[in-house]
Amino acid sequence: MRRREQLSANRHRVRSTRTGRLPLQIVIAVLGAVVVALGIVLIPFPGPGWLIVLAGLAIWAFEFVWAQRLLQYTRDKLERWWHWLGRQHIVVRVLAGLIGLVFVGTVVWLSLRLSLGVRSLRDVWSYITTH
């Protein structure tokens, strides 16, 4: 039997009893919530914040129909965005990339300024070399 089929059979076996279904739902709910919360905390920083949120949503989708629908909706919208962007002229694609870079740069700059008190590149270099 393939790995996926084994996992599906095990999950079905656990779900088939009331004493198995409720703890499974609680574990899935808590695990998904932890991953989504971590992703939300990481969204403002450069890195995979949104990807982590989607991973938490995928965890919820194992057990909850509303999460399956929301995940499918999100995938559809993201796929439509990528296809739309791929059909655009190179100038539009470069502009979208630059907007993304400006956004990430602004978040990094604000994070450094507000959390570490860094006001200039000299401060950044000084912080890097002393810590």
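In this chain, residues are counted from 1 in sequence order.
Tracing side-chain contacts under 4.5 Å through hydrophobic residues (I, L, V, M, F, W, Y), one never reaches V34 starting from I28; they form parts of separate clusters. By the criterion of side-chain heavy atoms lying less than 4.5 angstrom apart, applied directly or through intervening Ile, Leu, Val, Met, Phe, Trp or Tyr residues, I40 is grouped together with I52 in one hydrophobic cluster. Following chains of ILVMFWY side-chain contacts shorter than 4.5 Å, one cannot reach L101 starting from W82, and the two form parts of different hydrophobic clusters. The hydrophobic clustering, which links ILVMFWY residues whose side-chain heavy atoms are closer than 4.5 Å, places L114 and V41 apart. Under the 4.5 Å side-chain heavy-atom criterion for grouping Ile, Leu, Val, Met, Phe, Trp and Tyr, I43 is connected to V36 within one hydrophobic cluster.
Note that CD1 of I26 is 11.0 Å distant from CD of E63, once rounded to the nearest 0.5 Å. How far CG of L78 is from NE2 of H83: 9.5 Å, rounded to the nearest 0.5 Å. Within the model, atoms CZ of R21 and CD of Q25 stand 7.0 Å from one another, a figure rounded to the nearest 0.5 Å.
Among residues two or more places apart in sequence or in another chain, the ring pair (Phe, Tyr, Trp, His ring centres under 6.0 Å) test is passed with W81 by W84. For V94, the side chain to side chain contact (heavy atoms under 4.5 Å, CB included) test picks out I90, L98, with sequence neighbours left out. Under the rule for a side chain to side chain contact (heavy atoms under 4.5 Å, CB included), the partners of A67 that lie at least two apart in sequence or sit in another chain are L57, W60, A61, F64.
Residue L71 forms a side chain to side chain contact (heavy atoms under 4.5 Å, CB included) with just one option from R69, R75, Q68, and that option is R75.
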